2 protein chains.
Amino acid sequence: MTKPKTWTLKSIAKELGVSNATVSNAFNRPDQLSKARREEILAACKKLGYFGPNKAAQSLRRGTFNIVALVLPDSVEYMVSDPVASSFMRGVSAVLEKNGINLLLFSGNNDNLNSVVDFVDGFICYGRPRNKQLVEQLKQVAKHVVTVDFNIGRDASVNVNNQQASFDIAKHALQKNDDRVAILGLRLLDNDVLCRVYEHHEFEAGQSIAHQRLRGYHQAISDAGITLGDDRTWNIPESSERFASIAAKEALSSTPRPNVLLCMSDLIALAAMREALKMGLSIPEDVKIVGFDGIDEGQRFVPKLTTVHQNSEEKGRIAATLFLSKEQQTAEIDYQLQLGQSS
Amino acid sequence: MTKPKTWTLKSIAKELGVSNATVSNAFNRPDQLSKARREEILAACKKLGYFGPNKAAQSLRRGTFNIVALVLPDSVEYMVSDPVASSFMRGVSAVLEKNGINLLLFSGNNDNLNSVVDFVDGFICYGRPRNKQLVEQLKQVAKHVVTVDFNIGRDASVNVNNQQASFDIAKHALQKNDDRVAILGLRLLDNDVLCRVYEHHEFEAGQSIAHQRLRGYHQAISDAGITLGDDRTWNIPESSERFASIAAKEALSSTPRPNVLLCMSDLIALAAMREALKMGLSIPEDVKIVGFDGIDEGQRFVPKLTTVHQNSEEKGRIAATLFLSKEQQTAEIDYQLQLGQSS
DNA sequence: ACCATTAAGTAAATCGATTAAGAACCTACA
DNA sequence: TGTAGGTTCTTAATCGATTTACTTAATGGT
C-alpha cells in the first residue's frame, strides 16, 4: 500500500514505523543505528522508490551544495567559442567531476550574483567579469572564491605573469629595431565598441589581463627606443573572429603601415595573418605578427604563429584544486615563448 | 544596531517590527501591502544589507529553481572540445540567459541523476548519455525533459532526420559507381575501444545518432548495388582528433584501400583528409571523403569538405525554447548538403 | 445607521530535510 | 545490587523562506 506518489523522509519514516532521524541516519550516519536496522531501511526505501534525502532540503539545512559557479568573463556563448576559455573549462570540469561536484555556468553579463549565491558553495571566476558590479558582489557575498587572471584580494587566485610574458614576446618581435608598431588589444575600454585607443596613460593601473599585457608591450617598445604612436592601439571588445578581422584590416591599411603587430590573443593574431595574406603582404618580411595563448590552430597555420604559450587546461585544474582545498594562496603559472615563422 | 551578521527574512521582520509575511510580500507580491509600507521595507533592507529572500529556501518552498541541467553525452571536457556540441550549447545558453535561467552542466558519465534532480527545474539532454542508467532515470524522476538527437517518449524532443541526411550524403558520394567503401563511425559500440565493427545487423534497431546515420549509409550503399565488406566499419568511441586520425590511417591503409570514406562527423572527416594527404593520396581522385555536421573548419580546409550541414546553434535555441514553453512536441530540424571539393 | 466589501497585515502550517539532547534498554564490573 | 557506560532510537528545534486562512480597520452605498 504505497501511499504518496513521491516519498519524503517523513512519509517513509511513518510507513516504516520509525522516526525521521533514524531514516536520515540510515543514509548519512551509519554509526548511529544498528547494521540490521540500517539495511532493513535502505532495502525498504529502494523497494518503495525513495532515492534518498532531497538534495535541496539537505543543502538548505547543511549549507553545502556540491555546486560551484564558474563566473565567465562574458556570456556563455563567448566561453564555448573561445578555445582558450574552453581549455580552461576543461581543466576545471575534469577536477570537479572527479570530486562529484557540479558546475554551474554564470554569465559575466549578469548584474546580480544574487540568483546563485544561495545555491553554490562558491565561485571560480575566470577573468574580470564584464559587469563590474559582480566583482564587488563577489568580494562581499561569496562564501568562497578563486579568481583567475585577476585579483580581488580574497581567498585564492591563479595568475600568469601577463606583463612579463607580453614584454618577452614583444621584445622578441622588436629585435631588429623596427619602428612601426601597432597593438591589437583585447577589451581595453568599457565601451563595447571596436575603436582605437588614445589615452594610454589611463591603463597603467588597470588590472585586467588586457591592461597587464599592454604594460608589457609598452615597456618593450620603450626599451627598444621606439615611440608608440597615439593611435596605434585597437580596442577589441569581444574575442570574435569578426571583430578581430575588422581591426586587423584597419590596422594593416592605416598609415604608417605597421610592420610589427602585437596581438593580445592568438585568435586575433590568426585573423590578422589571414588579412595580411589576403592583402598580399608576406609574413614576416612585410609584417611580423605575434599572438598570445598558444592555441593549436596557431601551430598548424602557415606560417606558424609566434606566441606565448600558457597551459589553460592546467590553469583550470589548478583553480579547481585550489577551490576544493579552500587554501588561501596565490598560484603563479608558467608560460613559454613559442617561436614560429610569423616574426 | 544591526544584529546578525547575515540577515534572514525573519530577523529583518523582527528588526522592522513587522511580520514575516509582510517582508516576504514586499519582495514577491506588491499587491499584498500598501505602497508606502513596501518601499519603507525595501529601503530598510537595502540599508541593512539584506539582499532579498534566500534562493535556496525559496526554491525548497516553491519547488522551482531557475536552473536547468544540460545533460551531456559524455564528460564536460568532451563538450567544450567538440565544435558541434559547443554550438549547441551556445544556442541553449543564449535563450536561457535571456530568460534569467542558469545552466548546470551534467556529465553523461555520471551514474546518478540524483545529485541534481532536486536542484533543477528539468533537463535538456543532448544526445544519448554515455551512461545508460541516466536514460532510465530521466524517464522516471525528471520533472521536465527535452531530449535532443534521440527520444525517450517523454515531454519534448528535437531531432534531425539523421538517417535521411546520411542517405543523401552517401548517395552523393557514391554517384560514380564506386565500389570500395569504408565507414568511419561514431560511438557504435559500448566498449570504449577503437576497433572495427562486424555485427552490422545488430544496429538496425539502434537509436543513437551513430546508428541512425549508419542505417542511412547502408541504405545508400545497397541502393548503389554495392556490398559493404564485413570489416569496413570503424567504431570511434569518442570524438577526438587523436582517435579519428588513428582510425583514418587504419582505414586508408587497409585492403582493399577504400576510395570512398563515409565519416559520421566533420571532425573525423578532417582528420581523414589530413591523413590521406599525408599519405600522398589526392582528394577526391584517389579517395572521396564526406563528413557530417558542417563546421566552419571544414569550409576553410583545402579541399573544401563535402558534408551535411545542420544548424546546431539553432537546434540549441529550439531545445531551450521548447523547454521553457513546457509544450509536449517533437521538432524536426532541417539540414542541407554542403558540396565541397572533397567528393 | 447598517451591512457588505475591500485593504492591510498577521499567525501558523508547510516545504524536506539534519542534528543536539535525551530516553530506554542492555551489559558488565566491583 | 548499584551504577557507569554503551547502544539504539526518538523528540523537537532548526535551516530560510511562502502562503492560506484569518483578524481588524476602513470605505461605501442605500
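These figures come from a predicted structure and were not determined experimentally. In what follows, chains carry the letters A, B, and so on, assigned in the order in which the sequence lines appear, proteins first and then strands, with residues in each chain numbered from 1.
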*Asks:* Please say which of A/Leu70, A/Thr147, A/Leu113, A/Val68 ends up in a side chain to side chain contact (heavy atoms under 4.5 Å, CB included) with A/Phe123.
*Replies:*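 Output: one option passes, namely A/Leu113.
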*Asks:* Determine: side-chain N/O of A/Ser34 to OP1/OP2 of D/dC9, distance under 4.0 Å, yes or no.
*Replies:*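 Looking at the OP1 and OP2 atoms of D/dC9, one of them is under 4.0 Å from a side-chain N or O of A/Ser34.
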*Asks:* Ring of B/Tyr50, cation from B/Lys46 - is the NZ or CZ under 6.0 Å from the centre and inside 45° of the axis?
*Replies:*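 Cation-pi check for B/Lys46 and B/Tyr50: fails.
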*Asks:* Roughly how bent is the helix from C/dA1-D/dT30 to C/dA30-D/dT1 end to end, in steps of 10 degrees, with each end axis from five pairs?
*Replies:* 50°
*Asks:* Could you state the NZ-C1' distance from A/Lys35 to D/dG6, rounded to the nearest angstrom?
*Replies:* 19 Å
*Asks:* Can you sort out the partners of A/Gln133 under side-chain contact (heavy atoms from CB on, under 4.5 Å), two or more places apart, ordered by chain and number?
*Replies:* A/Asp111, A/Asn131, A/Gln137
*Asks:* Between OG1 of A/Thr22 and CD1 of A/Ile12, what distance do you get to the nearest 0.5 Å?
*Replies:* 13.5 Å
*Asks:* For B/Ser115, what residues pass the side-chain contact (heavy atoms from CB on, under 4.5 Å) criterion, not counting sequence neighbours?
*Replies:*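 In terms of side-chain contact (heavy atoms from CB on, under 4.5 Å), with neighbours along the sequence ignored, B/Ser115 is linked to A/Asn102, B/Phe106.
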*Asks:* Can you name the side-chain contact (heavy atoms from CB on, under 4.5 Å) partners of B/Gln207, sequence neighbours left out?
*Replies:* B/Arg128, B/Gln212, B/Arg215
*Asks:* Between protein and nucleic acid, restricted to nucleotides 16-20 of chain D and to nitrogen or oxygen atoms under 3.5 Å apart, what atom pairs and distances do you find?
*Replies:*
from, atom 1, to, atom 2, distance (Å)
D/dA17, OP1, B/Tyr50, OH, 3.1
D/dA17, OP1, B/Asn54, N, 2.3
D/dA17, OP2, B/Leu9, N, 2.3
D/dT18, OP1, B/Asn28, ND2, 2.7
D/dT18, OP1, B/Gln58, NE2, 2.6
D/dT18, OP2, B/Ser24, OG, 2.4
D/dT18, OP2, B/Asn28, ND2, 3.3
D/dT18, O2, B/Arg61, NH1, 2.4

*Asks:* Specify whether A/Phe65 and B/Phe119 have parallel, tilted or perpendicular ring planes, treating 30° as the upper limit for parallel and 60° as the lower limit for perpendicular.
*Replies:*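 Tilted, since the angle between the ring planes falls between 30° and 60°.
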*Asks:* May I have all residue pairs that pass salt bridge (charged side-chain N to carboxylate O under 4.0 Å, His left out) and include part of residues 130-140 of chain A, sequence neighbours excluded?
*Replies:*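 Applying salt bridge (charged side-chain N to carboxylate O under 4.0 Å, His left out) to every pair that reaches into residues 130-140 of chain A, excluding sequence neighbours, yields A/Asp74-A/Arg130, A/Arg130-A/Asp192, A/Lys132-A/Asp190, A/Glu136-A/Lys139.
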*Asks:* Between atom NZ in A/Lys14 and atom P in D/dT11, what is the gap in whole Å?
*Replies:* 12 Å
